[in-house]
Amino acid sequence: MIAEVRRRVEDKLKAYPNRLQHVIGVYETALKLAKIYDVDEKKVSLAALYHDYAKYDSIEQQIELLDLETIKDYIETPVIYHAFAGAAQLEMDFDIHDQDVLNAIRYHVWGRIGMSKLEQIILISDSCEPYRKFDDAKYILDLAKKNLNQATEVVMKASIDYLRTKEMIPADKQIEVYTYYMEVNRGKTE
Ligand SMILES: [Fe+2]
Ligand SMILES: [Fe+2]
């Protein structure tokens with residue numbers, strides 16, 4: 001089944017070779033982490049392969065797959081729609097209703113408070129896969145192999161810092177997740 005999912009993604013992204021390479025990088029990285037943390041490889045594969053499936057669909061196409069609440073929640077940041085649309089597409093294409101898999105796709109950009117290991121693995125792999133031109137990628141991967149919560153904090157901080165260098169304002173939801181993982185790592189939150 002994973003081979004078929006992969007074929008579908010390769011076909012969908014064939015006009016975007018860099019994005020396809022990124023997706024394969026996320027898939028391979030996520031599988032490595034899944035082995036270390038004993039997370040189901042099939043679930044990790046599904047989430048990694050589909051996480052950016054809807055990336056190049058128009059906003060109109062993406063919105064068509066979303067419920068009204070999600071559309072309203074992210075109206076100021078439509079970049080997030082591709083994540084929710086990718087999850088909805090996987091549900092439809094392959095009849096996957098496992099909420100952990102779907103959440104890993106939905107929250108791969110900003111994460112969320114209290115992520116499962118699978119969700120953290122996808123979030124982290126998205127930022128540290130080997131084809132990403134990002135200085136801290138290797139450091140993040142090495143850290144992730146030792147401690148998922150610490151790597152999550154670093155990934156959240158890196159994306160917030162990146163926005164600030166572009167003079168963009170991070171979303172409240174991003175800051176909340178970052179703060180939560182900071183507290184987890186300092187033993188203030190379970
Ligand atoms: Fe994405
Ligand atoms: Fe991605």
Side-chain angles (χ1 to χ4, degrees), residues 2 5-6 8-34 39 43-66 70-71 73-93 96 100-112 115-138 140-141 144 148 151-152 154-163 166 168 170-171 173-174 177-178:
I2 296 302
V5 172
R6 183 172 171 155
R8 182 81 67 106
V9 172
E10 284 171 350
D11 187 53
K12 174 80 174 176
L13 297 177
K14 60 177 180 284
Y16 308 95
N18 291 342
R19 178 63 51 178
L20 184 57
Q21 192 182 46
H22 160 72
V23 168
I24 300 304
V26 172
Y27 170 57
E28 288 167 353
T29 305
L31 276 178
K32 280 184 204 157
L33 293 174
V39 172
K43 291 185 187 192
V44 164
S45 303
L46 290 170
L49 288 168
Y50 251 69
H51 84 280
D52 275 341
Y53 187 89
K55 185 84 182 173
Y56 299 105
D57 291 345
S58 67
I59 293 291
E60 290 74 21
Q61 282 171 305
Q62 293 174 14
I63 279 178
E64 234 167 76
L65 301 175
L66 307 182
T70 306
I71 296 170
D73 271 358
Y74 298 97
I75 194 90
E76 303 290 337
T77 50
V79 65
I80 301 301
Y81 288 156
H82 82 277
F84 283 81
Q89 195 73 54
L90 179 65
E91 233 180 327
M92 285 190 311
D93 291 350
I96 303 292
D100 200 17
V101 172
L102 300 175
N103 283 337
I105 301 176
R106 290 174 184 136
Y107 299 101
H108 80 263
V109 187
W110 288 350
R112 67 180 180 122
M115 280 184 279
S116 69
K117 284 199 174 85
L118 170 57
E119 290 175 79
Q120 288 181 288
I121 285 173
I122 300 299
L123 177 98
I124 293 164
S125 302
D126 191 36
S127 83
C128 74
E129 56 89 2
Y131 306 110
R132 254 230 211 274
K133 306 223 174 344
F134 171 44
D135 294 343
D136 290 333
K138 170 100 177 49
I140 290 173
L141 180 58
L148 279 183
T152 299
V154 173
V155 166
M156 293 306 300
K157 179 167 175 17
S159 60
I160 289 167
D161 286 350
Y162 174 78
L163 289 176
K166 300 263 165 203
M168 288 157 78
K173 285 193 182 75
Q174 267 178 301
V177 176
Y178 171 51

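Both ligands and their constituent atoms are indexed starting at 1 by order of listing.
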Short N-O contact, Arg6 and Glu10, less than 4.0 angstrom: yes

Using a 6.0 Å cut-off, check whether atom OH of Tyr56 has over 12 heavy atoms from anything other than its own residue. yes

Output the atom name for the N/O/S atom of His82 with the smallest distance to the Fe ion (ligand 1). NE2

Would you check if the Fe ion (ligand 1) lies under 2.8 Å from any N, O or S atom of His108? yes

Nearest to the Fe ion (ligand 2), which N, O or S atom of Asp126 do we find? OD1

State the atom name: nearest N, O or S atom of Asp52 to the Fe ion (ligand 2). OD2

Does the distance from a Lys or Arg side-chain N to an Asp or Glu carboxylate O, for Arg8 and Asp11, drop under 4.0 Å? no

Could you check whether atom CE of Met168 has more than 12 heavy atoms from other residues, nucleotides or ligands sitting under 6.0 Å from it? no

The Fe ion (ligand 2) - closest N/O/S atom in His51: NE2

Examine the side chains of Asp57 and His82 and answer whether a donor and an acceptor come within less than 3.5 Å of each other. no

